[in-house]
Amino acid sequence: MIKSVRGTRDLLPPETALWNFVESAVRDVFRAYNFQEIRTPIFEETALFARSVGEETDIVAKEMYTWEDRGRAASEKGQSLTLRPEATAGIVRAYIEHKLGDRGLNKLYCIGPMFRRERPQKGRYRQFYQIDAEVIGPPSAGSESPARDAEILEMLATLLDRLGITDWDLELNSVGCANDRAAFNEALRKALEPVVGRMCVDCQRRAVTNPLRVFDCKVPEDQPIIEKLPRISQFLDEPCRQHFEKVQAIVQAVGVPFTLNDRLVRGLDYYTRTAFEFTHGALGAQNAILGGGRYDGLSESLGGPAAPGIGFAIGEDRLVMSLKESAEGVVRKPDVYIAPLGAGTNPEAARLARELRHHDLVVELGDESFRLKKSFEVATKAGAKYILIVGENEVKADAFALKNLATGEQVSVPRADLPRQIGQN
RNA sequence: GUGGGAAUAGCUCAACUGGCAGAGCACCGGACUGUGGCUCCGACGGUUGCGGGUUCGAUUCCCGUUUCCCACCCCA
């Protein structure tokens, strides 16, 4: 038997209703902030991700689905292509390619699948779904303003509340600009050198490969050492420091609670200044439900105009997972089950179904070969509110037996009154 | 990529130290010929993930492999 490949999965009903619920809430909320949808290809030239996400990141170094395309002629070599591991790079590429800044398209969102070749785990798949939004534009459009950072954060708080996720926590930090980070990294290496020998084996490795990750260490014995390490906040230059303070002031003013976390670092090369993460308990090691930050130099590094931006990605798989227990009854059950009864009643039943569906009712249609008992069982199992019996007597009278399956109340309803009768409650 | 756990009916899970592979739910039929849910009865359902080994005999023990889960790495 052929099965779905490692790290991929089928999304089945009724869970798909939950996905649609999430996505339509997202579209509603984003619309209120004047975001518009963009759909970019799910594969791009490999170079795009290498240059934006960063050659040295794990994503690019070992987690991408990359292949060599066929050339135009059989003998010709094709270009290297990659399934997108994240959305920002493609959106910024489209922004540059279509000069979206000149068209005033500064607020974009995208919902779709991403691909990373990681070891699968709960809430971590090789094809996973992200909801992504970006504010990007020329500095003259205010895209560099702390007001944009704050607007994004407030929008996310609104979205999570709207989805019924109440126990979230917003963690906020600034990772500064490139210069700040270089100075900080240097200081961090120096500070680690004399103490790293007393730390856990993981930290000893991190100190060499990725010193920033030392801050993620959970070993209790290491905490006193980590507490004394330099923080990025001490290395922010004056513009970055002011920017971050203004972001906090606005977020505070609109009443969105947050925690400063100067251990919060981002893995992708292009991030600058504001970095944030919304977390949610009960998701195991994958407690981050969404994350994002500013990427002021990304457009230029891809050969585009100056276009500061800030964006985020929501892990939709995890979001849906955290919604699962709380969200019941998202599926719309049939308003009515039509039960044709006896040979030759199918056509009349089909006519009735068509009429009722045109009235925006959800209609399930049985078959004249079913015994009435079976029709009742099927209707009940489907969760229909009403069952409509289309038998010989009814067709002759042009009035149909309509029974409320919850109350057991049954009445004869003239054809013309059916939509109104069924549409009630 | 590393370490650990798991895999048995559509679903959730049993099966003692190696001895006929089972239950609940679901599904289908009947009791009940144009009236559901409840109840009762019956039927269906399996290459025990896959491949090899040990054994008279393997769901059980061993080796390999695949997938899922947990934790790393990393990240949304």
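Just so we're clear, the structure is a prediction, and the values are computed from it rather than from any experiment. In what follows, chains carry the letters A, B, and so on, assigned in the order in which the sequence lines appear, proteins first and then strands, with residues in each chain numbered from 1.
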If you apply the rule salt bridge (charged side-chain N to carboxylate O under 4.0 Å, His left out), what do you find for A:Lys381 with A:Glu377, and how did you get there? CA-CA 6 Å; A:Lys381 203 176 302 166; A:Glu377 284 170 353; over 6 Å; no

As a quick check of understanding, evaluate salt bridge (charged side-chain N to carboxylate O under 4.0 Å, His left out) for A:Glu193 and A:Lys190, giving each step before the final call. CA-CA 5 Å; A:Glu193 217 172 304; A:Lys190 273 211 183 98; over 6 Å; no

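In this structure, A:Lys381 does not reach the B:A26 phosphate: none of its side-chain N or O atoms is under 4.0 Å from OP1 or OP2.
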I'd like a list of close polar pairs between nucleotides 36-45 of chain B and the protein, N/O only, cut-off under 3.5 Å.
{"residue": "B:G36", "atom": "N1", "partner": "A:Leu405", "partner atom": "O", "Å": "2.4"}
{"residue": "B:G36", "atom": "N2", "partner": "A:Leu405", "partner atom": "O", "Å": "2.7"}
{"residue": "B:G36", "atom": "N3", "partner": "A:Thr380", "partner atom": "OG1", "Å": "3.0"}
{"residue": "B:G37", "atom": "N1", "partner": "A:Leu405", "partner atom": "O", "Å": "3.4"}
{"residue": "B:G37", "atom": "N2", "partner": "A:Leu405", "partner atom": "O", "Å": "3.2"}

Do any N or O atoms of the protein come closer than 3.5 Å to N or O atoms of nucleotides 66-69 of chain B, and which pairs are they?
{"residue": "B:U67", "atom": "OP2", "partner": "A:Arg6", "partner atom": "NH1", "Å": "3.4"}
{"residue": "B:C68", "atom": "OP1", "partner": "A:Gly7", "partner atom": "N", "Å": "2.7"}
{"residue": "B:C68", "atom": "OP2", "partner": "A:Arg6", "partner atom": "NH1", "Å": "3.4"}

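When rounded to the nearest whole Å, the span between CD of A:Gln130 and C1' of B:A76 equals 5 Å. Spacing between atom CD of A:Glu171 and atom P of B:A76 amounts to 13 Å, rounded to whole angstrom units. We find that CD of A:Glu63 is positioned 10 Å from P of B:C74, with the value rounded to whole Å. Per the geometry, OH belonging to A:Tyr270 stands 11 Å off C1' belonging to B:A76, to the nearest Å. What separates CZ of A:Arg371 from P of B:C32 is a distance of 12 Å, to the nearest Å. If you take NZ of A:Lys62 and P of B:G1, they are 10 Å apart, rounded to a whole angstrom. Nucleotide B:U35 holds its P atom 17 Å from the CZ atom of A:Phe370, rounded to whole Å. In this structure, CD of A:Gln204 is placed 14 Å from P of B:C73, rounded to the nearest angstrom.
Taking the side chain as every heavy atom from C-beta outward, A:Glu348 and A:Glu368 never approach each other to under 4.5 Å. Proximity of A:Lys403 to A:Ile389: side-chain heavy atoms (C-beta onward) are nowhere separated by under 4.5 Å. A:Trp168 is not listed as a side-chain neighbour of A:Ile289, based on a closest heavy-atom distance of 4.5 Å or more. Side-chain atoms of A:Leu236 and A:His243, non-hydrogen and from C-beta on, never get closer than 4.5 Å to each other.
Taking atom C1' in both B:A21 and B:A15, one finds a spacing of 8 Å when rounded to whole Å. Taking atom C1' in both B:G30 and B:C11, one finds a spacing of 25 Å when rounded to whole Å. One C1' atom belongs to B:C20, the other to B:C56, and the distance between them is 15 Å to the nearest Å. Spacing of C1' atoms, B:C50 relative to B:C41, comes out at 40 Å, to the nearest Å. To the nearest whole angstrom, the two P atoms, one in B:G18 and one in B:G37, are 47 Å apart. The C1' atoms of B:U65 and B:G24 are separated by 33 Å, rounded to the nearest whole Å. Using atom C1' as the reference point in both B:C16 and B:U59, the two lie 14 Å apart (nearest Å). As rounded to the nearest Å, B:C70 and B:U12 have P atoms that lie 15 Å from one another.
Between the side chains of A:Ser369 and A:Asp367, at least one donor N or O lies within less than 3.5 Å of an accepting N or O. When only modelled atom types and interatomic distance are considered, A:Ser4 and A:Asp10 share no side-chain donor-acceptor pair under 3.5 Å.
If you check every strand for non-hydrogen atoms under 4.0 Å, A:Asp317 touches nothing. Within the 4.0 angstrom heavy-atom criterion, base atoms lie near A:Glu118. Here A:Gln410 lies in heavy-atom contact (under 4.0 Å) with a base. Nucleic acid contact for A:Phe128: base, since at least one base atom lies under 4.0 Å from a heavy atom of the residue.
Judged by closest nucleotide on RNA chain B, A:Arg126 is the one of A:Gly292 and A:Arg126 placed further toward the 5' end. Each of A:Gly291 and A:Ile389 was matched to the nucleotide of RNA chain B holding its nearest heavy atom; the match closer to the 5' end belongs to A:Ile389.
Using bins of under 30°, 30° to 60° and over 60° for the plane-to-plane angle, the ring pair A:Phe215/A:Phe184 lands in the parallel bin.
Evaluation of the side chain to side chain donor-acceptor pair (under 3.5 Å) test over residues 26-44 of chain A, restricted to residues two or more places apart or in two chains, returns A:Arg27-A:Glu37, A:Arg27-A:Tyr109, A:Asp28-A:Arg31, A:Asp28-A:Arg162, A:Tyr33-A:Glu154, A:Tyr33-A:Thr158, A:Glu37-A:Arg39, A:Thr40-A:Arg84, A:Glu44-A:Arg93. Annotation: ring pair (Phe, Tyr, Trp, His ring centres under 6.0 Å) contacts involving residues 49-68 of chain A, sequence neighbours excluded, comprise A:Phe43-A:Trp67.
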Pairing annotation in dot-bracket form, given for RNA chain B with Watson-Crick or G-U pairs under 3.5 Å and | for cross-strand partners: (((((((..((((.....[..))))..((((.......))))......(((((..]....))))))))))))....

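No more than 12 heavy atoms of other residues, nucleotides or ligands lie within 6.0 Å of CD in A:Glu392, so this atom counts as exposed by the packing criterion.
Taking the salt bridge (charged side-chain N to carboxylate O under 4.0 Å, His left out) definition, one finds that A:Glu45 meets it with nothing, sequence neighbours left out.
Side chain A:Glu394 to base B:G34: a donor-acceptor pair is found below 3.5 Å.
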